[in-house]
Amino acid sequence: MSNKILRLPAVKTKTGLSRSTIYARASQGTFPAALSLGPNTVGWLEADVEAWIEKQIAASRRAQEQMA
């Protein structure tokens with residue numbers, strides 16, 4: 001498990017999501033929560049973001065199988 005912390009630009013690149021979508025989904029509980037790194041700095045655990053991506057891939061594949 002990676003303890004590497006990703007900042008917002010890296011999270012946006014990995015997920016393809018916009019800043020506002022990342023924060024909206026995090027507040028809804030459908031995206032990993034950010035970690036506070038300082039007064040005005042946040043980051044995300046790379047392992048959490050990777051797990052979220054894998055979950056999205058699995059859900060997409062299940063949906064495609066059901067449509068077929």
Side-chain angles (χ1 to χ4, degrees):
M1 177 182 268
S2 173
N3 284 330
K4 182 176 178 183
I5 295 175
L6 303 176
R7 298 293 308 276
L8 184 60
V11 175
K12 288 171 53 177
T13 299
K14 275 189 169 289
T15 63
L17 300 174
S18 69
R19 176 191 183 280
S20 58
T21 301
I22 290 168
Y23 282 105
R25 290 186 180 186
S27 70
Q28 296 166 355
T30 59
F31 191 80
L35 304 170
S36 177
L37 304 175
N40 297 308
T41 308
V42 297
W44 288 261
L45 280 177
E46 184 176 38
D48 291 348
V49 174
E50 292 288 342
W52 180 86
I53 291 169
E54 291 298 321
K55 182 179 174 184
Q56 298 309 302
I57 291 169
S60 176
R61 289 184 177 155
R62 279 193 305 273
Q64 288 176 352
E65 288 172 1
Q66 291 176 355
M67 292 171 41

Are the side chain of Trp44 and the backbone of Pro32 linked by a donor-acceptor contact shorter than 3.5 Å?
yes

For Lys14 and Leu6 the tightest heavy-atom approach is CD-CD1, 3.7 Å

Counting only N and O atoms by type, is there a donor-acceptor contact under 3.5 Å from the side chain of Thr13 to the main-chain atoms of Pro9?
yes

Can you tell me how far the CZ atom of Arg62 sits from the CD1 atom of Ile57, to the nearest 0.5 Å?
11.5 Å

Value rounded to 0.5 Å, distance of CD1 in Ile5 from CG in Leu37
5.0 Å

Applying the 4.5 Å side-chain criterion to the ILVMFWY set and letting contacts propagate, would Ile53 and Leu8 be lumped into a single cluster?
yes

Starting at CG of Asn3, measure out to CG of Asp48 and round the result to the nearest 0.5 Å.
9.5 Å

Distance in Å, Lys4 NZ paired with Leu45 CG, rounded so as to fall on 0.5 Å steps:
12.0 Å

Which atom pair, heavy atoms only, marks the closest approach of Ala24 to Ser27?
O-OG, 2.8 Å

Counting C-beta onward and ignoring hydrogens, is there a side-chain heavy-atom pair between Phe31 and Val11 closer than 4.5 Å?
yes

Tell me whether Val42 shares a hydrophobic cluster with Ile22, the cluster being built from Ile, Leu, Val, Met, Phe, Trp, Tyr side chains joined at under 4.5 Å.
yes

